[in-house]
Amino acid sequence: MAEAPLPIIEIKRVSKQFQLQEQTIHALSDATLSIAKGEFVCLIGASGCGKSTLLRIMAGFEQPSAGAALMWDKPIERPDPGRGMVFQDYALFPWLSVLDNIGFGPTSRGLGKAEVKATVDKFVELVGLQKFANAYPHQLSGGMKQRVAIARVLANDAELVLMDEPFGALDAMTRERLQDELLDIWQRTKLTVVFVTHSVEEAIFLADRVVVMTPGPGRIESDNRLDLPRPRDVASPEFNAVRRVLGAKLHSHHGKKAA
Amino acid sequence: MRAVDPKLFEAAAMLGCRGNAQFYKVVLPAAMPSIFTGLRLGLGLAWFVIVVGEMTGVPQGLGAVIMDARTLSRTDLVICGMFVIGLAGYLSDRVVVVIGNRLLRWSPSHHG
């Protein structure tokens with residue numbers, strides 16, 4: 001059998017503890033996960049299960065207390081334009097217009113003006129915000145802001161897009177639209193996406209693989225590959241069958257706690 | 001500076017902006033609204049202090065004119081002096097506000 005290709009991300013026995021006053025919080029315990037290029041992986045779990053911590057370690061915002069986090073076999077030591085993060089609360093620069101927010105990364109990398117403009121124009125169009133190119137973030141709706149945040153990461157040639165509950169603050173209709181658009185972008189660009197959510201339905205709709213995490217201490221409960229055909233129909237019986245199985249896994253720690 | 005949303009530093013870092021560049025591209029623009037509020041307050045206070053100063057020890061200036069006019073019972077000059085002080089203060093404040101509004105178009109809470 002041929003050797004498995006090098007994974008883009010490898011998390012090896014990673015643990016993370018925080019000091020909170022006198023207490024030590026075990027945010028993440030002994031997590032192991034490897035992600036292949038082009039995969040769409042959802043991390044799902046209740047609050048406090050360490051899914052955001054794991055994502056932040058992948059981004060390079062946090063260092064593991066134990067274990068190793070690798071990208072292309074090299075340790076992740078600091079944030080890098082190759083790994084773009086989309087935050088739940090957008091984290092756009094309020095003093096920059098849509099164009100300048102998207103151009104922030106390319107400018108920081110030292111590209112020339114013409115190149116920055118070409119890149120920005122391409123991604124403004126990709127997320128359909130041409131009409132709002134000169135608007136400031138406070139003039140945009142939540143969905144538009146998140147589109148800008150996605151474009152900002154893509155404009156920076158990110159190979160890996162890390163999304164921390166990006167659609168959590170949006171209304172249901174906008175969320176569905178953005179999910180469709182994200183899948184469309186993912187399929188066209190062959191990005192690798194790691195997506196944190198607490199919605200089972202969202203995870204099953206989007207992901208190739210759903211990693212279920214449980215709290216106290218945060219750990220990986222199971223890693224589930226989904227073989228549902230795309231585009232997925234949230235109302236189909238197959239979809240619901242998967243949802244039932246994953247839902248049970250998600251709540252499995254309740255039983256253990258009582259024991 | 002501590003008031004800048006830490007997420008913005010993370011966003012800048014992940015987009016490839018590190019170290020000193022973060023100061024010019026994140027801290028400075030984020031501090032602009034506070035800088036302009038400070039500028040306006042400072043301008044008002046400076047105006048007030050300078051007029052009081054002129055009234056008390058120096059032979060020149062608007063404050064001195066008012067004090068001289070007072071000793072000479074020139075009420076018209078006193079009122080005129082007051083009016084000029086008010087007008088000049090108002091105009092200099094407007095200049096700061098107009099510049100501020102132009103630079104802070106992006107800020108929803110800053111339209112003086």
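Convention: sequence-line order gives letters A, B, ...; per-chain numbering from 1.
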Around atom [atom1] of [X], are there more than 12 heavy atoms of other residues, nucleotides or ligands at under 6.0 Å?
X: A:K190; atom1: NZ; answer: yes
X: B:D76; atom1: CG; answer: yes
X: A:F18; atom1: CZ; answer: yes
X: B:Q60; atom1: CD; answer: no
X: B:L103; atom1: CG; answer: yes
X: A:Q130; atom1: CD; answer: yes

Side-chain heavy atoms of [X] within contact of [Y], under 4.5 Å:
X: A:Y90; Y: B:K7; value: no
X: B:L15; Y: A:R109; value: no
X: A:P94; Y: B:L8; value: yes

Rounded distance (nearest 0.5 Å) linking atom CZ of B:R18 with atom CZ of A:R78: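 With rounding to 0.5 Å, CZ (B:R18) is 5.5 Å from CZ (A:R78).
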
Passes side-chain contact (heavy atoms from CB on, under 4.5 Å), A:D100 versus B:W106? Steps please. CA-CA 12 Å; A:D100 292 337; B:W106 57 269; over 6 Å; no

Engaged part of B:A13 at the chain A interface, taking heavy atoms whose separation is under 4.5 Å: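 Both parts, backbone and side chain.
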
Is it the side chain or the backbone of A:F104 that comes within 4.5 Å of chain B heavy atoms, both, or neither?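 Contact with chain B is through both the backbone and side chain of A:F104.
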
Tell me, for A:R152 versus chain B, whether the close heavy atoms (under 4.5 Å) come from the side chain, the backbone, both or neither.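 Interface part for A:R152: both.
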
Shortest non-hydrogen contact from [X] to [Y]?
X: A:W95; Y: B:V26; answer: CH2-O, 3.5 Å
X: A:H138; Y: B:P108; answer: ND1-CB, 3.5 Å
X: A:A91; Y: B:A11; answer: O-CB, 3.8 Å
X: A:R83; Y: B:M14; answer: O-CG, 4.0 Å

Report the C-alpha distance between A:F93 and B:K25 in whole Å, list the side-chain angles of each, state the deciding distance to 0.1 Å, and finish with yes or no for side-chain contact (heavy atoms from CB on, under 4.5 Å). CA-CA 10 Å; A:F93 301 110; B:K25 296 188 92 172; over 6 Å; no

For chain B, the option from A:A59, A:P79, A:A135 that forms the most heavy-atom pairs under 4.5 Å: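 Top option by heavy-atom pairs under 4.5 Å: A:P79.
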
